[in-house]
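Chain A is the first sequence line, chain B the second, and so forth, proteins listed ahead of strands; every chain is numbered from 1.
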Number of protein chains: 2
Amino acid sequence: MKLSPRIESFVMHCGEMGSRWGFNRTIGQIMGLLVMSEQALSANEIGETLSISRGNVSMGIKELQSWRLVNVQHIAGDRKDYYLPSGSIWELANRIFEERSKREIDPTLSLLRDSLLDEPSNQHEEYALQQMDEIHDLLETLTKWARELQSVSPEKLTTLMKLGSGVVKMLDFKDKVVKSSKH
Amino acid sequence: MKLSPRIESFVMHCGEMGSRWGFNRTIGQIMGLLVMSEQALSANEIGETLSISRGNVSMGIKELQSWRLVNVQHIAGDRKDYYLPSGSIWELANRIFEERSKREIDPTLSLLRDSLLDEPSNQHEEYALQQMDEIHDLLETLTKWARELQSVSPEKLTTLMKLGSGVVKMLDFKDKVVKSSKH
DNA sequence: CTAAACGTTCAGAAATTATTGAAAGTTTAG
DNA sequence: CTAAACTTTCAATAATTTCTGAACGTTTAG
């Protein structure tokens, strides 16, 4: 499949950014390609378009499935697997976010939880544990916040995001209302 | 410098997580070590404690400085540079967040902006550009949100975070108040 | 001025990660 | 059952990233 220059440069960009987004070049390219394509693509089409081996496509798709970013589609009378993004751009971003906190935050949180069970045993540990405790708190708050936002409907989330720092003004507003109702 | 088992395992964990957080093992370890240490450390102390070469420490510190995560401290009558984290845990997390969006989002945003200037030139591009546009929107909203939250004071941000999905209930609350005031 | 005590750089070596392609596994049409 | 059309796996290889240590630069004490 030949890509237009513009689409090709987007796909290649996804490759370059791949490792920053948490996967590797090939996987970035595959995802970029699938997102750009209106039809689901077969493994062969993907491999030919990106000039990568059949085996590599298979591994890449497997990884993307573990991130819940692609789904398989079957076409009646055709034995091939056709791959497509598992949802809208919004949903994909959400999954990446979720999956990344699982990989980047959860392990640390669990280490810190264990580590903080015992009392400090000397001067150095006193300070170190204090620091660990702060990190622990921060991460707990972050994941709690993230988890709760996951359960909010996309529309409300959009409203919230569009509001930006207006959220803070709203906080003040609520404070005022609550206070004045106490009088 | 000999570390207690608990501190050592935290530092090693930072090493393992390093690449997931956007840097590499050594850099993760150095940062972990500095965060655990009440006193600023010299390059030699860092290298000896972590068993890494002098050159590697130098490069690691340089990288951490480019992330604005460590500062240098000088002690009168001592020629050595002493390194320490550039702020509280909260501030460090903030900087990592900021720096990562710079590296993970900005380049894509700029590619998309350019790419979306011209009209689609065929059927495939029509769909592809629509997708690019959605990604563009999402990233713009995200960065705007992030930028605005950066300008909010830590205390208010803490209140906001502790509130969690309560924020959404507040949205409803505001709606109600606004609506009822229209009667 | 010299030597010691630092920090920095960078070419080559080592370690890690990604990729290929051949072999093996699976499914289905005939 | 067999062959064809697929997918998956994995050992070997290639590419990339990280690390070392020697060479070099700078500053200052004596």
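The stretch residues 50-76 of chain A participates, sequence neighbours left out, in these salt bridge (charged side-chain N to carboxylate O under 4.0 Å, His left out) pairs: A:E63-A:R103, A:R68-A:E98, A:R68-A:E99.
We find that B:E125 and A:R6 are joined by a salt bridge, their nearest charged nitrogen and carboxylate oxygen being less than 4.0 Å apart.
Judged by distance alone, with hydrogens and angles left aside, the side-chain atoms of A:E45 form a donor-acceptor pair with the main-chain N or O of A:S42 at under 3.5 Å. Although no hydrogens or angles enter the test, the distance criterion places no donor-acceptor pair under 3.5 Å between the side chain of B:S37 and the main chain of B:L33.
Computed from coordinates, the A:K80 NZ to C:dT26 C1' distance equals 16 Å when rounded to whole Å. Remark: P of C:dA5 and CD of B:E45 are 16 Å apart, rounded to the nearest angstrom. Atom pair A:I46:CD1 and D:dC6:P shows a separation of 14 Å (rounding to whole Å applied). We find that CG of B:N24 is positioned 11 Å from P of C:dT17, with the value rounded to whole Å. C:dT9 atom C1' lies 15 Å from atom CD of B:E63, rounded to whole Å. The separation between A:Y82 atom OH and D:dC6 atom P is 8 Å, rounded to whole Å. Put simply, NE2 on B:H74 is 13 Å from P on C:dC6, counting in whole angstrom units. C:dA15 atom P lies 15 Å from atom CD1 of B:I52, rounded to whole Å.
Within the 4.0 Å cut-off from OP1 or OP2 of C:dG7, not a single side-chain nitrogen or oxygen of B:N44 is found. When the side-chain nitrogen and oxygen atoms of A:K62 are compared with OP1 and OP2 of D:dT9, one or more of them lie within a distance under 4.0 Å. Contact check, A:R54 against C:dT20: no side-chain N or O comes under 4.0 Å of OP1 or OP2.
The side chain of B:D81 sits closest to C:dG7 out of D:dT9, D:dC19, C:dG7.
In this structure the side chain of B:N24 never reaches within 4.5 angstrom of the side chain of B:S19, judged on heavy atoms.
Map B:V57 and A:D78 each onto its nearest nucleotide of DNA chain D; the residue landing nearer the 5' end is A:D78. Of the residues near DNA chain C, B:N56 and A:T26, the one whose nearest nucleotide (by heavy atom distance) lies more toward the 5' end is B:N56. Mapping B:F23 and A:R79 onto DNA chain D via the closest heavy atom, the residue that lands nearer the 5' end is A:R79. Closest-nucleotide positions on DNA chain C for B:A43 and B:M59 were compared, and the one nearer the 5' end corresponds to B:A43.
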